[in-house]
Structure formats: structure tokens, C-alpha cells
Colleague: 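Got a structure for you, written out below as C-alpha cells; questions coming shortly.
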Amino acid sequence: GKAVRPLEAIERRVLGVLIEKGKTTPDQYPLSLNALVTGCNQKSNRDPVMTLDEEQVMRAVRSLQAAGAVAEVFGSGKLPRYRHLAYEWLGVGKEELAILGELLLRGEQTEGDLRGRASRMDEIPDLTTLRSHLDRLAERGLVVWLSPPGRGRMLTHGLLPEEKLEKVRRELGAAAAAKPARPP
């Protein structure tokens with residue numbers, strides 16, 4: 001496959017939506033441009049909530065196509081539809097793609113939140129199972145740990161541009177510093 005590269009915000013949203021809808025509403029997948037825009041602007045399971053138009057989404061689709069992450073397909077209708085090639089592009093399995101899809105849709109989150117959310121797409125029975133997937137993804141740079149091991153450990157996907165990842169790290173550091181120390 002083509003080299004995996006960092007993704008801009010709208011590209012991350014488009015790819016996340018294609019992964020999610022492929023798993024949660026397979027009968028409506030691949031997605032028309034209209035359905036893709038609706039999915040990008042959805043209020044649930046998205047952070048941040050976005051308001052994108054067809055042109056913005058199409059531009060992201062084209063650049064994901066060029067990267068080898070998305071394909072345009074023509075079904076029975078005349079309208080093109082879009083599907084992800086993320087299994088091949090990222091070289092991951094089913095649960096791993098659910099994990100990455102969830103991280104693409106919401107950005108950084110704790111392991112516990114991630115397990116619950118990714119299980120909407122593919123069942124991840126417990127944290128031990130999740131962690132074995134995360135360790136494999138982290139080895140390949142597809143997952144980035146944002147805090148040390150322990151309860152509430154934070155992580156994100158490894159497809160962030162460097163400056164965005166630095167910003168996330170800074171914000172998390174500031175939030176952690178602002179928390180009052182736990183009594184001994």
C-alpha cells in the first residue's frame with residue numbers, strides 16, 4: 001500500500017466516518033457524498049462537532065484517494081459512493097480498525113472510554129483485549145500514549161500532524177497540572 005501519512009482535521013473526520021458507517025450501517029455503505037457530509041456533521045460520537053459542506057468533504061475525499069486511503073465506487077445508481085481502504089492502508093485487523101476509527105472521530109480519550117465506544121463497531125470484551133490491540137498499534141506508531149500506564153490512561157491515534165500532537169500533549173499536561181494533588 002501507499003505510505004501512511006498524517007491527516008488534516010477534515011480528512012480524519014471523513015476517514016473516521018467511513019470506517020464507522022462501514023461497520024455500523026453496512027446496508028447504507030459505501031456512502032454517497034450527501035451521506036458522508038451528514039456523517040461528518042453528526043452531533044453524536046464526534047469531537048469536535050463540525051459543520052462541513054460538500055466542497056470541504058469532497059476536497060478531503062480527493063486527498064484521501066490520492067493517499068490510497070479511500071476509493072470511489074459506482075453502485076447500481078449513477079452517483080459515486082465512497083468507501084475506505086483503511087484495512088489495507090493501515091495494515092490492521094477488524095478490532096484495530098474500530099479502535100482507530102473511534103480515535104479519528106473523537107481524538108484523545110481514555111482507554112476505558114475507548115473500549116466502550118469502539119465496541120459499538122466491533123466487540124472488545126475487556127481492557128486486557130483492548131490493551132493487546134493498543135500495544136500492537138503503538139509499536140507501529142498508529143496509537144500514541146499521552147499519559148503513563150495506570151487508571152484513566154489517555155491515548156490518541158498516530159495520524160496527527162506533529163504540531164497538532166504537540167498541542168494535544170501541552171493541553172493534557174496543563175490539565176493534569178491544574179488538578180489538585182490527591183491526598184496521600
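This chain uses plain numbering: 1 for the first residue, then up along the sequence. Source: prediction; values computed, not measured.
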Colleague: Val37, Tyr82: one ILVMFWY side-chain cluster at the under-4.5 Å cut-off?
Modeller: yes
Colleague: Please report the closest heavy-atom contact between Lys23 and Pro26, naming both atoms and the distance.
Modeller: O-CD, 3.9 Å
Colleague: Could you measure the distance from the CG atom of Leu165 to the CG atom of Leu146? Nearest 0.5 Å is fine.
Modeller: 6.5 Å
Colleague: Nearest 0.5 Å, please: how far is CG in Asn41 from NZ in Lys43?
Modeller: 7.5 Å
Colleague: Can you check whether Leu100 reaches Val143 side chain to side chain, under 4.5 Å on heavy atoms?
Modeller: yes
Colleague: Is there a path from Leu142 to Leu130 through hydrophobic residues (I, L, V, M, F, W, Y) whose side chains come within less than 4.5 Å of each other?
Modeller: yes
Colleague: Looking at Lys167 and Glu171, is any side-chain nitrogen of the basic one under 4.0 Å from a carboxylate oxygen of the acidic one?
Modeller: yes
Colleague: Should Arg5 and Glu11 count as an ion pair when the cut-off is N to O under 4.0 Å?
Modeller: yes
Colleague: Classify the side-chain pair Thr129/Asp126 by whether it contains a donor and acceptor separated by less than 3.5 Å.
Modeller: yes
Colleague: Shortest non-hydrogen contact from Ser147 to Gly152?
Modeller: OG-O, 4.3 Å
Colleague: With a 4.5 Å cut-off on side-chain heavy atoms, are Arg12 and Pro161 touching?
Modeller: yes
Colleague: Given the rule in the side-chain contact (heavy atoms from CB on, under 4.5 Å) test, do Leu105 and Val17 qualify, once you have shown the distances and angles that lead to the verdict?
Modeller: CA-CA 7 Å; Leu105 289 175; Val17 167; 3.9 Å; yes
Colleague: Step by step, work out the side-chain contact (heavy atoms from CB on, under 4.5 Å) result for Leu18 and Leu64.
Modeller: CA-CA 11 Å; Leu18 288 171; Leu64 288 165; 5.7 Å; no
Colleague: I need the Leu97 CG to His133 NE2 distance, nearest 0.5 Å.
Modeller: 11.5 Å
Colleague: Is there a donor-acceptor contact under 3.5 Å from the side chain of Ser119 to the main chain of Ile124?
Modeller: yes
Colleague: Going by heavy atoms in the side chains, are Leu155 and Leu103 under 4.5 Å from each other?
Modeller: yes
Colleague: Could you report the tightest heavy-atom contact between Leu104 and Gly16, atom names first, then the distance?
Modeller: CB-CA, 4.0 Å
Colleague: Roughly how far apart are Arg153 CZ and Leu127 CG, rounded to 0.5 Å?
Modeller: 11.5 Å
Colleague: Can you tell me how far the NZ atom of Lys21 sits from the CD atom of Gln28, to the nearest 0.5 Å?
Modeller: 7.5 Å
Colleague: What's the verdict on side-chain contact (heavy atoms from CB on, under 4.5 Å) for Val61 and Gln65, showing C-alpha distance, side-chain angles and the deciding distance?
Modeller: CA-CA 6 Å; Val61 165; Gln65 274 183 281; 3.9 Å; yes
Colleague: Give the cluster check for Val168 versus Leu137: same hydrophobic cluster or not, with ILVMFWY residues linked at side-chain heavy-atom distances below 4.5 Å.
Modeller: no
Colleague: Are the charged groups of Arg62 and Glu72 less than 4.0 angstrom apart, N to O?
Modeller: yes
Colleague: Any salt bridge between Arg59 and Glu55, counting N to O under 4.0 Å?
Modeller: yes
Colleague: Identify whether Tyr29 and Leu85 are in the same connected component of the hydrophobic contact network (ILVMFWY, side-chain heavy atoms under 4.5 Å).
Modeller: no
Colleague: Examine distances only and state if a side-chain atom of Trp89 and a backbone atom of Ala67 form a donor-acceptor pair shorter than 3.5 Å.
Modeller: yes
Colleague: How close do Trp145 and Ala138 get, counting heavy atoms only, and between which atoms?
Modeller: NE1-CB, 3.8 Å
Colleague: Any donor-acceptor pair under 3.5 Å linking the side chain of Arg13 with the backbone of Pro48?
Modeller: yes
Colleague: Quick one: do Leu7 and Met58 end up in the same hydrophobic cluster if we chain Ile, Leu, Val, Met, Phe, Trp and Tyr together by side-chain heavy atoms under 4.5 Å apart?
Modeller: yes
Colleague: Heavy atoms, side chains only, cut-off 4.5 Å: are Asn34 and Leu79 in contact?
Modeller: no
Colleague: Run the salt-bridge test on Glu20 and Arg46 with the 4.0 Å N-O cut-off and return the result as yes or no.
Modeller: yes
Colleague: Does any part of the side chain of Met50, heavy atoms only, come nearer than 4.5 Å to the side chain of Gln56, both counted from C-beta?
Modeller: no
Colleague: For Arg136, does its backbone N or O pair with a side-chain atom of Glu139 as donor and acceptor, under 3.5 Å?
Modeller: no
Colleague: Keeping the roles fixed (side chain from Arg140, backbone from Gly91), state whether a donor-acceptor pair exists under 3.5 Å.
Modeller: yes
Colleague: List the atom of Ala60, the atom of Val14, and the distance in Å for their closest heavy-atom pair.
Modeller: CB-CG2, 3.9 Å
Colleague: When rounded to the nearest 0.5 angstrom, what is the spacing between CD in Glu166 and CG in Leu160?
Modeller: 10.5 Å
Colleague: Within the side chain of Arg83, is there an N or O that forms a donor-acceptor pair under 3.5 Å with the backbone of Pro30?
Modeller: no
